[in-house]
Amino acid sequence: MKLENLLYEKFGYAAFRAGQKEIIQDLLSGKNVVAMLPTGGGKSVCYQIPGYIMDGLVIVVSPLLSLMEDQVNQLRLIGEKRVAAFNSFRTMEEKKEVLRNIEAYKFIFASPEMLQSPFFLQALKRVKVSLFVVDEAHCISQWGFDFRPDYQKLQHAVRQLGNPAVLALTATATKKILQDIIDSLGLSDTALHFHSIDRPNIAIQVEGIDTLEEKKMRLLSYVKELQGPGIIYCSSRFWSEALAEGLRAEGVEGVSHYHGGMEQEERMLIQQQFINNQLRVISCTSAFGMGINKSNVRYVIHFHYPANIESYLQEIGRAGRDGKDSIAVLLLSGADHDLPVSIIQDELPDQKRVAYFFSLLKKSLLQRDTISFADAEYIGIAAGLHEQHWRFIRYQLEELGAVQDGCILVSALSSEIQQIINDKVLDRLNNKYEKLQAMRNWLQTLTCRREAFLRLFHDKKQKQPKNCCDICGIDVTDYKQIQKEKSMPVYEWKTELQLLLGMKRRWDYE
DNA sequence: CGTTTAATATGTATATATTAAACGGTGCCATACT
């Protein structure tokens, strides 16, 4: 009763959505919660309501700066002023100001990297933290082992902040990933809220194609025929641009590309235009998607397939959030199989480079007594390590206790440690190759793709959809654009003029 | 595998052609409190 009142008072909603109330009650009763909720299912309510009831501060860990800014703005819109994002968008003065008045805040958003900063943690220790939220918690499992190791270190932050209740939220997780999250955060007394990941309104199609030319033609005909808006996923920046350009050259309007190599401003603009229906098609790498709250995406086409089935689930899951019929098409040709292997190989340092790095470290240690992380990173670059490789090695050294006060200890140079690191690299590679193999096996499935797919997530088909998968049979015409020459709407003269001059596009009004 | 970049070959040298090697995808941070 009290919870509903608060919900209405703060958010204007009359009733909770599925799962929200149970999550809130578990948190209030002192449990940790790991929950999978569909996107747009009101994740923020799950921590904001308990936040208002509990007397201390709420920390929200978020993977992307733009997500943080978004959430801060949304809170401000409902009148909450005691909120701040603590990240590199802020100047040093602004950050100091926030920390000086830390008592005045209710919600602080931060990246996992920020939560490793002693400067930040010390200030947080002055106040009571009552809730620690990890948003998009699958990142712990997806990124934490090598790409962003600070995701694996969140449990240290939780402990330092006096073990507040932890809420881990995600929209896409297998049971294995949920377990990874629990293990990594070191949670006990945890309530699991798991919902089926089956999305019966998304038809799944895999299409074998012989040549690259043919694949481009298939893509073009899909983009021309399917009802939009749609997303095209590629595995390289190059192809995301090339496909967008190719489609435009063929007369497709409202196409843009998106990848991590673009300027932040441009990325935000394109994302916004897509959400506001000013763009019809986005050709992109995996950089696009997280935090995209768009309900009416009608198709997702994979021009290249991702290296694991979890990413595939995430990517096709961006279609049909409104529950309406949508389709996921994967275009597969023999030449596609080498790319994910190469990408995986690049993710971790090979033995030769590790050995070279340690030999350089040894040499350097003869000249001075200690090696700071900054020096070691520099040495790493000289040894041909990528930034990501260096961070992986650093994380392993930290775990092995071979570092102290931001410096590498002499003990790190033992051949034993080098061996352990090489073993860890092999572990991770094997793990990634296994996931890739699972993805490939699924591509070869001869039985219902949805069933095979759900099995990998320990899940089951709820009921047989009319359009299930290419093996059960899909009527693609169901997803084609309705020809509406007759019903072309007529707007008032101002709008028609804008349409004529290309200032607006017709689908802005549909 | 396809594409880009770097290295080599040519040979009055310059600038282009040819060949070999490298690369490919996700993002945060960098401060300095008492």
So what does A:Ala123 hit on the nucleic acid, given a heavy-atom distance under 4.0 Å: a base, only sugar-phosphate, or nothing? nothing
Nearest-neighbour nucleotide for the A:Arg237 side chain, B:dT26, B:dG27, B:dC1 considered: B:dT26
Tell me which nucleotide, if any, is Watson-Crick or G-U wobble paired with B:dG24 when both distances must be under 3.5 Å. B:dC1
If you only use heavy atoms from C-beta on, which nucleotide in B:dC28, B:dC1, B:dA30 is closest to the side chain of A:Met114? B:dA30
Indicate, with a heavy-atom threshold strictly under 4.0 Å, whether A:Glu387 touches base, sugar-phosphate, or nothing. base
Closest heavy-atom pair, A:Lys95 versus A:Asn87, reported as atoms and distance to 0.1 Å, is CE-O, 3.2 Å
NA contact type, A:Met290, heavy-atom cut-off 4.0 Å: base, sugar-phosphate, or nothing? nothing
Roughly how many Å apart are B:dT26 and B:dA22, using the P atom of each and rounding to a whole number? 23 Å
Distance, P atom - from B:dT31 to B:dG27, rounded to whole angstrom: 22 Å
Indicate, with a heavy-atom threshold strictly under 4.0 Å, whether A:His337 touches base, sugar-phosphate, or nothing. nothing
Determine, using ring centers only, whether A:His302 and A:Tyr312 are less than 6.0 Å apart. yes
Using the side-chain heavy atoms of A:Lys95, tell me which of these nucleotides is nearest: B:dC28, B:dC29, B:dT31. B:dT31
Is the ring centre of A:Phe120 less than 6.0 Å from the ring centre of A:Phe86? yes
Can you tell which of B:dG24, B:dC29, B:dT26 lies closest to the side chain of A:Ser286? B:dT26
For A:Leu65, report the nucleic acid contact type (base, sugar-phosphate, nothing); a contact means any heavy atom under 4.0 Å. sugar-phosphate
Using a 4.0 Å heavy-atom cut-off, does A:Glu241 contact any base of the nucleic acid, only the sugar-phosphate backbone, or nothing at all? nothing
Kindly indicate whether the side chain of A:Ser342 and the base of B:dG24 share any N or O donor-acceptor pair separated by less than 3.5 Å? yes
Determine the Euclidean distance between corresponding P atoms of B:dT5 and B:dG25; express it in Å to zero decimal places. 12 Å
Given B:dA30, B:dT26, B:dG27, which nucleotide is nearest the side-chain atoms of A:Ser88? B:dA30
Over how many whole Å does the gap from A:Asn308 atom CG to B:dG25 atom P extend? 16 Å
Would you kindly give the CD-to-C1' distance between A:Gln345 and B:dC1, to the nearest whole Å? 14 Å
Nearest heavy-atom pair of A:His138 and A:Ile181: which atoms, and what distance? N-CD1, 4.0 Å
Distance-only side-chain donor-acceptor flag, A:Glu399 / A:Gln152, under 3.5 Å: no
Sort out the partner of B:dA13 for me: Watson-Crick or G-U wobble, both distances under 3.5 Å, none otherwise. none
If you pin A:Pro118 and A:Gln142 to their nearest nucleotides in DNA chain B, which one's is more 5'? A:Gln142
At under 4.0 Å between heavy atoms, what does A:Pro63 touch on the DNA or RNA strands: base, sugar-phosphate, or nothing? sugar-phosphate
With C1' as the reference atom in both, quote the distance from B:dT14 to B:dA9 in angstrom, rounded to an integer. 14 Å
Under 4.0 Å between any heavy atoms, over every strand shown, what does A:Asp346 touch: base, sugar-phosphate, or nothing? Just pick one. base
Selected nucleotide, minimal atom distance to A:Ser236 side chain, candidates B:dG24, B:dT31, B:dT26: B:dG24
Can you tell me how far P of B:dC29 sits from CZ of A:Phe373, to the nearest Å? 19 Å
Which nucleotide in the list B:dT26, B:dC1, B:dC28 gets nearest to the side chain of A:Arg148? B:dC28
Output the single nucleotide from B:dT26, B:dA32, B:dG2 whose closest atom is nearest the side chain of A:Phe119. B:dA32
So which nucleotide from B:dT26, B:dT31, B:dG25 ends up closest to the side chain of A:Met92? B:dT31
C1'-based separation of B:dG11 from B:dT16 [nearest Å]: 13 Å
Return no unless some side-chain N or O of A:Ser111 is found under 4.0 Å from OP1 or OP2 of B:dG27. no
B:dG27 phosphate, OP1 or OP2, under 4.0 Å from A:Arg267 side-chain N/O: yes
Centroid separation under 6.0 Å, is that true for the rings of A:Phe274 and A:Tyr258? no
Closest non-hydrogen contact found for A:His337 with A:Arg440 is O-NH2, 2.6 Å
Base, sugar-phosphate, or nothing: which does A:Arg126 touch, judged by heavy atoms less than 4.0 Å apart? nothing
A:Ile102 CD1 to B:dA32 P: how many Å, rounded? 18 Å
Please work out if A:Phe238 contacts a base, only the sugar-phosphate, or nothing of the nucleic acid, heavy-atom cut-off 4.0 Å. sugar-phosphate
